[in-house]
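This report concerns only the one structure given below.
Count residues from 1 along the sequence. Whatever order the structure lists ligands and atoms in, that order sets their numbers, starting from 1. The basis for the numbers below is simple: all heavy atoms, side chains too, and nothing from hydrogens, waters or symmetry mates.
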Amino acid sequence: MKTYILPQTDVVAPRVVSGQMRIADKSNEAIRALYDAARAGGVNYFDHADIYGNDWHQCERKFADALQLSSLERDEIILQTKCGIIRGEGYYDLSYDHIMKQVDGSLEALGTDYIDFLLLHRPDALVEPEEVARAFDDLHRSGKVRHFGVSNHTPRQIDVLKTAVKQPLAINQLQLSLTNCPIVTQGIASNMARESQSVVIDGGGVLDYCRANQITVQAWSPFQARFFDGTFLGNPQFAPLNKVIARLAKSYGVAEEAIVASWITRHPAKMQVVLGTTTPDRLRAVADGTVELTRKEWYGLFRAADHIVP
Ligand SMILES: NC(=O)c1ccc[n+]([C@@H]2O[C@H](COP(=O)([O-])OP(=O)(O)OC[C@H]3O[C@@H](n4cnc5c(N)ncnc54)[C@H](OP(=O)(O)O)[C@@H]3O)[C@@H](O)[C@H]2O)c1
């Protein structure tokens with residue numbers, strides 16, 4: 001697995017991240033097998049959130065309990081978590097008090113005394129940038145959090161945060177798969193009045209904004225057809241796309257999952273792919289199989305996913 005220094009940080013990171021949103025009902029052995037597969041494939045970056053699981057911090061706690069990492073091994077991995085969504089109540093909270101409380105909860109559940117990356121999970125309409133800044137200052141000064149970022153934020157929302165936040169916002173985690181990629185499609189078909197693809201639903205050039213500002217985009221749900229409705233791989237509704245994926249997988253001698261991830265890693269924004277699989281073999285197939293698609297292959301997949309190239 002290729003590594004690189006994440007822009008705006010000193011962190012050496014892999015292009016593939018293992019997301020832990022779906023481990024709530026997994027046994028300790030299954031979590032350990034997934035972790036071992038990740039580490040064997042060079043994936044040492046693990047994505048969490050305070051809300052993952054059936055209760056606050058459940059997946060964070062399951063991860064820590066299953067792995068019982070030594071402090072030496074803890075230092076070998078990159079732990080990322082998120083806060084700001086209020087479980088089951090339909091609102092967001094990026095206030096000072098909430099951020100501080102959730103970080104303490106994540107530290108306790110993860111059994112660690114520092115978090116490598118803390119992301120603001122979703123933009124809070126009522127956010128006060130000065131409060132976020134105060135929280136980030138205190139968390140950074142105390143050593144509880146080393147780096148910061150956001151998730152699902154538009155360029156302007158990041159600008160608003162930056163009016164007060166001093167630490168670099170190094171990450172923006174965004175929904176992105178071959179079939180659900182407005183952050184890519186819109187830019188290819190802008191100002192075409194009759195095309196739905198030209199409608200701005202990505203907050204206005206978020207991918208280019210992140211690229212221009214050295215913010216690493218992390219692609220979440222890279223295999224989902226849309227929003228948690230199942231993967232497009234092997235789905236007859238996406239037959240033309242699956243045909244192209246199968247052909248490329250055969251010609252490169254890699255798994256189909258690796259071609260799907262490669263469509264994201266081929267983008268020059270140097271995005272990371274956040275895999276949600278709990279199947280060790282699938283994780284390894286991506287970690288070991290990511291290839292450098294040609295420009296023609298990249299656009300071929302894009303068109304097969306039913307996006308237009310005007
Ligand atoms: N920032 C945000 O707002 C946000 C939102 C959602 C998720 N996330 C993060 O992104 C991560 C990934 O999200 P996701 O789980 O929706 O992503 P995903 O990788 O698109 O989906 C993984 C799911 O697809 C299933 N799947 C079925 N066939 C598959 C195949 N051939 N290859 C790969 N997966 C297959 C997996 O099952 P198996 O487990 O059985 O393999 C798993 O249930 C999460 O773990 C979380 O860390 C962030």
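- Between Pro222 and ligand 1, at least one N/O pair is under 3.5 Å apart.
- Scanning all protein heavy atoms for the shortest distance to atom 16 (O) of ligand 1 gives Ser221 OG, 2.6 Å.
- Not a single N or O atom of Leu233, backbone or side chain, sits closer than 3.5 Å to an N or O atom of ligand 1.
- When each atom of ligand 1 is checked for a heavy atom of Phe223 under 4.0 Å away, the hits are 18 (P), 19 (O), 20 (O), 32 (N), 33 (C).
- Of the protein's non-hydrogen atoms, the one nearest atom 39 (O) of ligand 1 is Thr278 OG1, 2.5 Å.
- With respect to the salt-bridge test (charged N to carboxylate O, under 4.0 angstrom), the residues Arg74 and Asp116 qualify.
- Here the heavy atom of the protein found nearest to atom 12 (C) of ligand 1 is Val274 O, 3.2 Å.
- By the 4.5 Å side-chain criterion applied to Ile, Leu, Val, Met, Phe, Trp and Tyr, Ile5 is assigned to a cluster that also includes Val12.
- Remark: ligand 1 and Lys82 share no N or O pair separated by less than 3.5 Å (distance only, no angle test).
- Close approach of ligand 1 to Thr231 (heavy-atom distance below 4.0 Å) involves ligand atoms 27 (C), 28 (N), 29 (C).
- When hydrogens are left out, the protein atom nearest atom 7 (C) of ligand 1 is Met21 SD, 3.5 Å; that is the closest non-hydrogen contact.
- In summary, the atoms of ligand 1 found under 4.0 Å from a heavy atom of Phe228, numbered by their order in the structure, are 6 (C), 16 (O).
- Taking every non-hydrogen atom of Leu275 and a distance limit under 4.0 Å, the qualifying atoms of ligand 1 come out as 12 (C), 19 (O).
- Taking the six-membered ring where the residue is Trp, Phe228 and Trp220 present tilted rings, their angle falling between 30° and 60°.
- Under the side chain to side chain contact (heavy atoms under 4.5 Å, CB included) criterion, Thr9 pairs with Leu6, Val11, Phe117, His147, Ala170, not counting sequence neighbours.
- Every atom of ligand 1 with a heavy atom of His121 under 4.0 Å away is listed here by number and element: 1 (N), 2 (C), 3 (O).
- Annotation: atom 19 (O) of ligand 1 to nearest protein heavy atom, Gly276 N, 2.9 Å.
- When Phe232, Phe227, Trp220 are ranked by how near their heavy atoms come to atom 10 (O) of ligand 1, first place goes to Trp220.
- Listed by atom number, the atoms of ligand 1 under 4.0 Å from Asp47 heavy atoms are 9 (C), 46 (C), 47 (O).
- Among all protein heavy atoms, the one lying closest to atom 48 (C) of ligand 1 is Gln173 OE1, 3.0 Å.
- In this pair, Phe302 and His307 present their aromatic rings tilted. The plane angle is within the 30 to 60° band.
- At a 3.5 angstrom cut-off on N or O pairs, Arg122 does not count as close to ligand 1.
- Between Glu257 and ligand 1, at least one N/O pair is under 3.5 Å apart.
- In this structure, a donor-acceptor pair under 3.5 Å is absent between the side chains of Asn172 and Tyr209.
- A salt bridge does not link Asp65 to Arg61: none of the charged side-chain nitrogens sits closer than 4.0 Å to a carboxylate oxygen.
- The residue among Arg282, Gln224, Arg22 with a heavy atom at the shortest distance from atom 37 (O) of ligand 1 is Arg282.
- Distance from atom 46 (C) of ligand 1 to its nearest protein heavy atom, with residue and atom name: Tyr52 OH, 3.3 Å.
- In terms of heavy atoms, Trp298 sits closest to Leu293 at N-CB, 4.5 Å.
- Here the closest heavy-atom approach between residue Ser177 and residue Ser221 is recorded as CB-O, 3.4 Å.
- Set against the non-hydrogen atoms of Thr277, the atoms of ligand 1 under 4.0 Å away are 22 (C), 38 (P), 39 (O), 41 (O).
- For ligand 1, the atoms sitting less than 4.0 Å from at least one non-hydrogen atom of Gln20 are 45 (O), 47 (O), numbered in the order shown with element in parentheses.
- The two atoms that bring Asp104 and Lys144 nearest to each other are OD1-NZ, 2.8 Å, heavy atoms only.
- Of the possible polar contacts, one joining the Arg15 side chain to the Thr265 backbone as a donor-acceptor pair under 3.5 Å is found.
- If you look at Asn152 next to ligand 1, the close heavy atoms, those under 4.0 Å, all belong to the side chain.
- The protein heavy-atom contact nearest to atom 40 (O) of ligand 1 is Thr279 OG1, 3.4 Å.
- Using the six-membered ring where Trp is involved, His121 and Tyr52 have ring planes that are perpendicular, over 60° apart on the 30 and 60° scheme.
- Taking each heavy atom of Leu169 and Lys162 in turn, the nearest pair found is CD1-CG, 4.0 Å.
- No heavy atom of Glu256 sits closer than 4.0 Å to any atom of ligand 1.
- A donor atom on one side chain and an acceptor atom on the other are found under 3.5 Å apart for Ser95 and Asp93.
- Judged by distance alone, the side chains of Gln20 and Ser18 do bring a donor and an acceptor atom under 3.5 Å apart.
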